[in-house]
Amino acid sequence: MIVQQRRVSKSRKGMRRSHHALEAGITVACSKCGQQIKPHTVCSHCGYYKNKKIMNVKSKS
């Protein structure tokens, strides 16, 4: 049977986990419509990528 040698303190555990926090994702503004999107992806709002029409997007109206 395994026996724990020493208990890890709350401080030590917190220091070990200090790098585990989630970071906010990076977004950029679409050059055509200004919508916030992930870099290097087609805009789902207007369908443009690098000022070129890539896909047709259905309007929500």
Side-chain angles (χ1 to χ4, degrees):
M1 202 147 96
I2 298 173
V3 179
Q4 184 177 353
Q5 295 298 315
R6 272 189 224 126
R7 183 174 181 190
V8 178
S9 68
K10 294 174 187 175
S11 173
R12 172 79 56 182
K13 179 176 63 174
M15 285 189 283
R16 184 179 66 240
R17 294 179 181 175
S18 65
H19 306 287
H20 292 219
L22 293 175
E23 296 178 358
I26 298 170
T27 59
V28 294
C30 175
S31 60
K32 196 72 172 174
C33 67
Q35 188 79 10
Q36 290 293 317
I37 58 170
K38 290 183 180 180
H40 309 288
T41 58
V42 177
C43 179
S44 60
H45 188 71
C46 64
Y48 277 77
Y49 178 70
K50 291 188 176 180
N51 294 324
K52 294 181 183 176
K53 183 85 167 169
I54 303 297
M55 62 182 202
N56 294 325
V57 180
K58 293 181 181 177
S59 62
K60 294 183 179 182
S61 59

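Taking S44 as the reference, nothing meets the side chain to side chain donor-acceptor pair (under 3.5 Å) condition, with sequence neighbours excluded.
Annotation for R7 and Q4: closest pair CA-NE2, 3.3 Å, computed over non-hydrogen atoms.
More than 12 heavy-atom neighbours from other residues, nucleotides or ligands sit within 6.0 angstrom of NZ on K53.
Other residues sharing a hydrophobic cluster with I54 under the 4.5 Å side-chain heavy-atom criterion for ILVMFWY residues are V42, Y49, M55, V57.
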Give the table of side-chain donor-acceptor pairs shorter than 3.5 Å for residues 10-34, with sequence neighbours excluded, one pair per line with atom names and distance.
| unit_1 | atom_1 | unit_2 | atom_2 | d |
| --- | --- | --- | --- | --- |
| S18 | OG | M15 | O | 3.0 |
| T27 | OG1 | Q36 | OE1 | 3.0 |
| S31 | OG | N51 | OD1 | 3.0 |

